[in-house]
Amino acid sequence: MRLRAVTVQNFRAYLKATTMDLANFSTIVGRNDVGKSTLLEALDIFFDNSKPDPGDANINAGGLPTRITCKFDELPPKVVLDAQVTTTLESEYLLNEDGLLEIVKEYDLGASKPVAKVFAHARHPGLEGCSDLLKLTNAKLKARAKKLGIALDDVDQRVNASLRKAIWASFDNLDRRPQDIPLSSTDGKAVWTQLHKELPTFALFRADRQSRDDDSEITDPFDMAVKDAVKELETEVDLIKEKVQKRVGEVVGRTLDKLHEMDATLAAELRPVFKSEPRWASFKLSLLDQNDVPINKRGSGVRRLILLNFFRAEAERRQLESDAPGIIYAIEEPESSQHPNNQRMLLTALQRLSEADGTQIIITTHVPGIAALVQLDSIRLIEREEDGHPSVKSHEDDVIRRVAEQLGVLADDRVRLLLFVEGPKDVIFFEAALELYGFGSVVDEHRVAIVPSGGGTLRHWIRRRYLRGFGLPEVHIYDRDADKKYKDEVQRVNSREESDWAALTLKREIENYFHPDAVRDALGVDVMIDDDNDVPEEIARKVHEASDSETPWISVSEEKKSKKRSNAKKRLSEEVMARMTLAQLQERDPEGEIEGWVTRIVGSVDGRNNES
């Protein structure tokens with residue numbers, strides 16, 4: 001499952017029901033104390049990693065319950081709700097009007113120990129006699145069917161899902177309507193227990209960390225790895241639990257047999273009951289350096305680098321394990337204590353991790369440089385309205401301007417020129433190209449800032465000129481593509497009576513400038529690259545055909561092909577470009593197009609003649 005959106009109400013600053021939609025990679029941006037961390041902590045409570053307390057209730061809630069709602073998509077095709085028999089969320093009428101699984105947790109924070117009431121908000125049957133079936137036990141379902149006069153001769157009466165299906169099918173009109181289906185009552189708990197197993201694991205890494213020998217900044221990621229491993233080994237763990245219980249039961253049985261010889265009445269009254277489930281994820285791990293010094297005694301930057309490399313290792317592991325359980329990593333201020341170069345490395349690693357199947361990343365930041373490094377469509381801006389309540393804005397044309405105004409996007413006075421490209425992968429390409437032509441210092445010294453404007457919002461960057469207030473020259477370089485969709489935008493920039501200029505690539509896209517020898521060296525596949533073919537598609541197909549997959553490329557779903565093309569683009573920028581030589585780049589660019597761009601850019605930065 002993938003977390004699609006979270007809604008909070010009557011929780012801290014969020015009095016009104018406030019929704020934030022989420023993607024595979026989401027960046028929560030906003031000023032200090034605007035409510036960024038509150039949303040992550042609400043999710044931490046929802047996923048049962050922490051508990052709310054009375055102080056979490058909004059001061060104006062007036063005794064109303066606190067509600068945390070999560071919506072999920074990419075749902076499993078089959079689920080087990082009871083008796084180890086598969087069914088579907090759709091056939092159980094557990095999906096909302098949009099076909100999403102929507103789970104609501106409600107808390108009375110006036111209680112001394114708040115306990116969650118769990119609901120599925122769904123378009124569920126509302127007709128009397130068939131609206132409460134998910135709460136009924138097997139015996140009660142049979143009784144309901146008998147009361148309604150439903151014949152069960154052809155129904156497996158041992159299976160609750162079959163009984164529910166038979167009862168629902170007996171009605172001509174179920175009067176389905178949006179409603180909250182209780183899942184925390186005694187009978188409904190069985191359904192929720194099974195649904196809970198399908199939810200992704202949520203891991204929150206906070207910015208305000210303690211400094212102890214078991215510093216959570218170090219232990220949290222590895223504790224998460226332990227939980228993840230235990231979850232993957234759930235079948236084996238259950239077998240161990242059964243063996244332990246059987247062995248202990250034998251010991252208890254022998255004890256009661258002996259007790260029976262002395263006091264038969266007392267022995268008959270006793271029975272063995274395990275008071276709690278075993279805590280398999282309680283392994284503790286410490287990291288010591290070669291001098292046996294705990295890592296928490298090192299600098300905060302070192303500790304954060306360990307966190308960085310944990311994520312990098314996770315990215316590689318999850319790419320190899322397509323059947324790994326879903327997981328959501330939520331990281332507060334990942335840039336904290338890091339050198340700018342490490343900040344970029346961290347963001348690249350997190351973005352790469354978010355592209356792995358079943359993995360989502362949520363970060364918070366109020367740092368302009370971090371906001372400038374991510375795709376704009378990943379940004380969720382939180383700001384307070386005139387009435388003081390926080391609101392979330394995203395996917396709106398105006399959100400780019402608001403981010404630019406509130407955070408500045410670029411706050412480095414060393415910057416002399418803004419280079420706009422389509423996305424983060426193009427950023428890597430141009431950084432490497434500048435380096436190959438001997439101009440890498442303009443990026444290292446922050447004289448050129450490369451801004452990924454994003455295909456969907458590119459026109460707004462050009463037409464509304466959100467960064468015009470910085471008074472810096474702008475260069476825009478975009479893919480020609482098959483349809484020259486950015487031709488008008490390039491002409492718009494070139495028509496300015498300023499030092500700004502723009503260009504479309506002569507080839508189809510940036511990927512067409514890669515050399516096939518570098519592709520073969522990095523990826524181990526031979527591809528044909530000309531000026532107009534779809535290089536990511538070619539590489540995705542070749543890599544797939546070289547894998548162990550038995551599915552022919554023509555039979556791969558469009559969704560999976562899209563992911564494979566995206567992965568090919570990523571590997572081109574990260575792996576292939578790192579192996580490209582200047583001679584190979586020049587061979588693929590005999591017109592000297594790229595050399596002309598970088599020379600003109602550097603000329604503008606250094607104050608030399610910038611005419612092409």
Side-chain angles (χ1 to χ4, degrees), residues 301 305 308 335 337-349 351-352 367-374 408-453 461 467 470-478 493 498-503 505 510-511 513-515 518 522 570 572-589 591-612:
L305 279 177
L308 158 66
E335 72 279 357
S337 304
Q338 287 301 311
H339 184 277
N341 290 343
N342 287 343
Q343 291 179 4
R344 182 180 292 275
M345 288 174 58
L346 178 56
L347 261 294
T348 298
Q351 288 171 328
R352 182 172 182 176
V367 175
I370 296 299
L373 289 174
V374 300
V409 180
L410 292 167
D412 195 332
D413 59 8
R414 294 172 294 178
V415 176
R416 293 291 177 265
L417 181 141
L418 305 176
L419 172 57
F420 289 84
V421 295
E422 289 185 48
K425 297 174 181 64
D426 295 333
V427 173
I428 297 173
F429 176 88
F430 278 95
E431 287 179 343
L434 284 161
E435 183 69 35
L436 286 174
Y437 279 102
F439 301 133
S441 61
V442 298
V443 174
D444 295 340
E445 296 170 4
H446 303 279
R447 288 180 286 159
V448 171
I450 307 180
V451 182
S453 52
W461 281 102
L467 303 184
F470 291 103
L472 297 172
E474 297 181 6
V475 174
H476 297 253
I477 301 176
Y478 303 122
V493 173
E498 302 169 16
S499 57
D500 301 351
W501 58 272
T505 60
I510 285 295
E511 285 77 15
Y513 293 85
F514 286 89
H515 199 285
K570 175 188 65 180
L572 276 166
S573 63
E574 294 180 0
E575 299 176 41
V576 178
M577 195 60 194
R579 292 176 180 251
M580 283 272 284
T581 66
L582 179 59
Q584 289 175 333
L585 185 60
Q586 289 173 329
E587 184 179 337
R588 287 296 306 131
D589 181 28
E591 296 87 359
E593 185 182 8
I594 297 173
E595 183 176 8
W597 293 336
V598 299
T599 301
R600 188 174 179 184
I601 288 168
V602 174
S604 298
V605 170
D606 291 343
R608 297 193 296 267
N609 186 348
N610 65 358
E611 293 299 321
S612 58

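Scope of the values below: all heavy atoms of this structure, side chains included, with no hydrogens, waters or symmetry mates. The residues of the chain are indexed from 1 along the displayed sequence.
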Over all atoms of both residues, closest heavy-atom pair of Met580 and His515: SD-N, 3.4 Å
Rounded distance [0.5 Å steps], CD1 in Ile510 versus CZ in Phe430: 4.0 Å
Approximate separation, where rounding is to 0.5 Å, of Leu434 CG and Phe429 CZ: 10.0 Å
Side chain Asp500, main chain Pro473, donor-acceptor under 3.5 Å: no
Pair Ser604, Arg416: side-chain N/O donor-acceptor within cut-off below 3.5 Å: no
Distance in Å, Ile477 CD1 paired with Trp501 CH2, rounded so as to fall on 0.5 Å steps: 4.5 Å
Reported CD1-to-CG distance for the pair Ile450 and Leu419, which is rounded to 0.5 angstrom: 5.0 Å
Smallest separation among heavy atoms of Glu435 and Gly440, with atom names: OE1-CA, 3.4 Å
Expected output: side-chain Gln584 to main-chain Thr581 donor-acceptor under 3.5 Å: yes
Rounded distance [0.5 Å steps], OH in Tyr513 versus CZ in Arg588: 9.0 Å
4.5 Å side-chain heavy-atom contact, Leu417 and Val475: yes
Short side-chain to backbone donor-acceptor contact, Thr599 and Gly596, under 3.5 Å: no
Rounded distance (nearest 0.5 Å) linking atom NZ of Lys570 with atom CD of Gln351: 11.0 Å
Ser499 side chain near Glu474 side chain, heavy-atom distance below 4.5 Å: no
Val602, Val415, Ile601, Leu418 screened by side chain to side chain contact (heavy atoms under 4.5 Å, CB included) with Val448, the one that passes: Ile601
Least distance between heavy atoms, Phe514 atom then Val576 atom: CD2-CG1, 3.6 Å
Nearest atoms (heavy-atom pairs only) where Ser573 meets Ile428: O-CG2, 3.2 Å
Audit row: Phe420, Val493, side chain to side chain contact (heavy atoms under 4.5 Å, CB included) steps and yes/no: CA-CA 11 Å; Phe420 289 84; Val493 173; over 6 Å; no
Closest heavy-atom pair and its distance - Tyr478, Val421: CE2-C, 3.8 Å
CA sep, side-chain torsions, deciding dist, call: Leu436, Met577, side chain to side chain contact (heavy atoms under 4.5 Å, CB included): CA-CA 10 Å; Leu436 286 174; Met577 195 60 194; 4.1 Å; yes
Min side-chain heavy-atom separation Trp597-Thr505 under 4.5 Å: yes
Smallest separation among heavy atoms of Asp589 and Glu595, with atom names: OD2-N, 4.0 Å
